[in-house]
Amino acid sequence: NSNTYTIKDFGATDYWNLEVRQVGPQNHDSFQLGADLNVANTFMVDAQQSNFTANGHQVTVSGLTTISAGSYASSTNTNNFNGGLTVSVTGAFTGSTGAVNTTTLTVSPSAAFTAPSSTLSVSDDFDHTGGTFTANGGTVALNGTAQHINGSTTFYNLSKTTSTADTLTFAAGSTTRSEEHTSELQS
């Protein structure tokens, strides 16, 4: 069985916590937005056969967003993960053309992360300690202070700009590359 559900819009703050998971063990359920989504605390996609799509709408989550199984498809609109974004276990995040803004980004072993084709802004650490990171032709903009890049990663465009002297730390033993395009480190 396969069902598609539209997540209800309740106004300025839609949910305190939101967890997306399949309804039954044999189902391959999809969840989509019918309006912008605002979650005041945590958002989770955590069932192997569950798929979430932002469906052209803006997503704002104040707490941690965790995709530990199933998939999350962003949209042509902006996705804001103000408490961080973790893709782990067998979870998959697929960026679209809309910008993705987060504090910490964590991509763990067996997980898959496809960046948006526009801009992925990270204001804290970029942790790619396993799994797959696909640059998707976009820019990763590091816009915080005292940031770390952990894990070997190939970017399409990598940007780090600050208004004062700052330190960007690369993990020992890892390789960071930019796919024949620009890497801009500027203070």
Side-chain angles (χ1 to χ4, degrees), residues 18 32-33 35-39 42-45 51-67 71-88 91-108 111-171 174-187:
L18 179 60
Q32 65 185 11
L33 294 181
D36 292 351
L37 176 68
N38 292 289
V39 179
T42 62
F43 178 55
M44 295 171 40
V45 178
N51 302 303
F52 171 84
T53 179
N55 202 28
H57 297 284
Q58 181 171 315
V59 174
T60 301
V61 181
S62 296
L64 179 63
T65 298
T66 304
I67 305 159
S71 65
Y72 181 114
S74 70
S75 72
T76 55
N77 215 318
T78 302
N79 285 238
N80 299 298
F81 304 108
N82 300 331
L85 174 59
T86 296
V87 185
S88 62
F93 179 95
T94 303
S96 181
T97 57
V100 174
N101 304 308
T102 187
T103 52
T104 298
L105 173 65
T106 302
V107 181
S108 300
F113 184 92
T114 301
S117 60
S118 56
T119 303
L120 167 63
S121 296
V122 181
S123 63
D124 202 339
D125 292 340
F126 183 98
D127 293 318
H128 174 217
T129 56
T132 304
F133 175 85
T134 304
N136 198 25
T139 296
V140 174
L142 303 174
N143 54 16
T145 58
Q147 289 180 275
H148 296 82
I149 295 179
N150 299 311
S152 296
T153 305
T154 300
F155 299 98
Y156 185 80
N157 290 317
L158 175 63
S159 172
K160 170 70 176 165
T161 303
T162 64
S163 58
T164 60
D166 191 31
T167 300
L168 174 61
T169 304
F170 297 88
S174 65
T175 303
T176 301
R177 294 188 176 119
S178 185
E179 295 180 333
E180 302 177 27
H181 299 279
T182 63
S183 290
E184 181 178 318
L185 306 175
Q186 180 178 354
S187 176

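- Annotation: the span from Asn55 atom CG to Leu33 atom CG amounts to 7.0 Å, rounded to 0.5 Å.
- Annotation: ring pair (Phe, Tyr, Trp, His ring centres under 6.0 Å) contacts of Phe126 (sequence neighbours excluded): Phe133, Phe155.
- Listed for the Lys160 side chain is no donor-acceptor partner under 3.5 Å among the backbone atoms of Thr167.
- Taking CZ of Phe113 as the start and CG of Asn136 as the end, the distance is 9.5 Å to the nearest 0.5 Å.
- To the nearest 0.5 angstrom, Leu120 atom CG is 8.5 Å from Leu142 atom CG.
- Under the 3.5 Å distance criterion, the side-chain polar atoms of Ser152 are matched with a main-chain donor or acceptor of Thr175.
- Here the options are Val100, Thr114, Val107, the test is side chain to side chain contact (heavy atoms under 4.5 Å, CB included), and the partner is Phe93; only Val100 passes.
- The main-chain N or O of Ala141 is never found under 3.5 Å from a side-chain atom of Thr139 such that the two would form a donor-acceptor pair.
- Here the OG1-NE2 distance, from Thr176 to His128, works out to 10.5 Å after rounding to the nearest 0.5 Å.
- For the 3.5 Å distance criterion, the side chains of His57 and Asn77 fail to qualify, holding no donor opposite an acceptor.
- Atom CG of Asn157 and atom OG of Ser178 lie 5.5 Å apart (nearest 0.5 Å).
- A donor and an acceptor atom, one from each side chain of Tyr72 and Asn79, are located under 3.5 Å apart.
- Proximity of a side-chain donor or acceptor of Gln58 to a complementary backbone N or O of Ala35 within less than 3.5 Å is not detected.
- A donor and an acceptor atom, one from each side chain of Asp166 and Thr145, are nowhere located under 3.5 Å apart.
- Applying the side chain to side chain contact (heavy atoms under 4.5 Å, CB included) test between Ile149 and each of Thr169, Val140, Leu158 identifies Leu158 as the sole match.
- Under a 3.5 Å cut-off, the side chain of Thr102 and the backbone N or O of Leu85 do form a donor-acceptor pair.
- Separation of atoms CE (Met44) and OG1 (Thr86) is listed at 11.0 Å; rounding is to 0.5 Å.
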